[in-house]
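Structure first, commentary second.
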Protein chains: 2
Amino acid sequence: MTALDNAALRVATGAADGEQDRRAEIYRSAARIFHRKGYHATSINDIAAAVGLTKAGLYYYIKGKQDLLFAIMGFAMDQLDEQVIEPARRVEDPQARLETIVARHARLITQDSSALTILVNELEGLLPDDRADIIGRQRDYVDFIADTLAALRDEGKVLGLDPTVGAFSLVGMILWISRWYRADGRLDGDEVVAEVTRMAISAVLNRGEDSNAGNPARTG
Amino acid sequence: MTALDNAALRVATGAADGEQDRRAEIYRSAARIFHRKGYHATSINDIAAAVGLTKAGLYYYIKGKQDLLFAIMGFAMDQLDEQVIEPARRVEDPQARLETIVARHARLITQDSSALTILVNELEGLLPDDRADIIGRQRDYVDFIADTLAALRDEGKVLGLDPTVGAFSLVGMILWISRWYRADGRLDGDEVVAEVTRMAISAVLNRGEDSNAGNPARTG
DNA sequence: GCGAACCTACCGGGCGGTCGGTAGACTACT
DNA sequence: AGTAGTCTACCGACCGCCCGGTAGGTTCGC
């Protein structure tokens, strides 16, 4: 049933808006409200009202608040798998693969950040088993990036970078986009994606030890 | 009264543990629990129990849940001002200043991330006026970084980087540390700080256009 | 007339917050 | 020395509200 729910959500976030599948609209609205107010601050009534139903009416479509959250996160993770990880896996050159990862992930966020952002911010709202599931998939993603960085290092393009720290840092940079990017802002989505991708690659590539960035600040 | 509260918290987060000032312990515990479970998922009872009081007893010390949150965030912002922004302001060379910002901010997070992390994750729990206050101070911080990046660009050390996007990206990289760094992990705090600082500087400095990181990925 | 789609009404419970009270230390006056 | 008053630091009990969730209909297209 989760698979079915995710399918519904996938339809919903696509271009074609709901015409028959009410469930899709519900998931999409819930994702938007969770994203804006946070999971715990969002009531079932909020979601019901947003889709023009009463609370009881909403329960015709969903099993509960936590299942709703898990379904949204599962969908977001599916999106990441399909639109970032799988395409990147088919890129053999490590640098090109890293660029693919960053650019595609960033683009996903500039296009619709709701589900992706909930995915990282509302983990503690899940049941332990569900949380373990999601965290495992996230961990796989970070490992995938770390492996790519390790491959870059083996090519000699990167010196003295810890792949795990590098992977986490790049992920942080990408995820943070959802906090500051506005579709109606000074830069459009493609420009932001390009800019962030450039920074990410630059952060990782070796520049030949011309920087003395070590430990310049001491407390006090 | 907020100033007094913040003073109490400042004492609390220092080395010397509570010996008389109960308020300090309360703020510190609250920050830790808010950090772990999130603001909305934390009840006043949780905090009271953590400091060995009943809910009513706790209200002898605090004005309300939202004031508690605002006080914690105000303290975190003060920490940022005093330990990151002010020291960095005294550094004239833009690159050295940027290194100071990143290293000091990162160090703050590896040392005790509770208040700093609440500061960015629980904004929507605040009253509108309080939120505006905090957001304004955060915006000032980002502008400070962006100005530093602009100065670097004027020196010719950076080509074609948007200072605002750069500032946000670096902040994202730094803040994300609190999500993955564990004090008992493989790397100790200083190593992580050094690694992240190196990445941040590298992300921003010009490497002479040897990267073709543009728009390598298309959907579909 | 039957099932899908939805409603009104309700439940138990936990929430943030308040109230009246009080143990005990400390002060003040006689 | 005794005792009355006062203040700090707390507690048990309670309030009204809203929460997630449910029971039991009702409407409506087929």
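Here is the naming used below: chain letters follow the sequence lines, and residue numbers restart at 1 for every chain.
- Looking only at distances, no side-chain donor or acceptor of A:T148 sits under 3.5 Å from a matching main-chain atom of A:P94.
- A close approach under 4.0 Å does occur between a side-chain nitrogen or oxygen of B:R22 and OP1 or OP2 of D:dC10.
- Side-chain N or O atoms of B:S169 include one that pairs as donor or acceptor with a backbone N or O of B:V165 at under 3.5 Å.
- Nucleic acid contact for B:L53: sugar-phosphate only, since backbone atoms but no base atoms lie under 4.0 Å from a heavy atom of the residue.
- In this view, A:S43 and A:N45, A:D46 satisfy the side chain to side chain contact (heavy atoms under 4.5 Å, CB included) rule, not counting sequence neighbours.
- B:R32 is linked by a side chain to side chain contact (heavy atoms under 4.5 Å, CB included) to B:R28, B:S29, B:S114, counting only residues two or more places apart in sequence or in another chain.
- With a 6.0 Å cutoff to the six-membered ring centre and a 45° limit on the axis angle, B:R179 does not count as a cation-pi contact of A:F168.
- For the pair B:Q83 (side chain) and B:R107 (backbone), a donor-acceptor distance under 3.5 Å is absent.
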Whether each nucleotide of nucleotides 15-30 of chain D has a protein heavy atom under 4.0 Å at its base (B), only at its sugar-phosphate (S) or at neither (-) is summarised, 5' to 3', as ----SBBBB-------
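- A search for side chain to side chain contact (heavy atoms under 4.5 Å, CB included) contacts involving A:L127 returns A:Q66, A:D130, not counting sequence neighbours.
- The side chain to side chain contact (heavy atoms under 4.5 Å, CB included) check on A:D133 picks up A:F70, A:R137, with sequence neighbours excluded.
- Of all nucleotides in DNA chain C, those with any atom nearer than 4.0 Å to a heavy atom of chain A start and finish, going 5' to 3', at C:dA4 to C:dT8.
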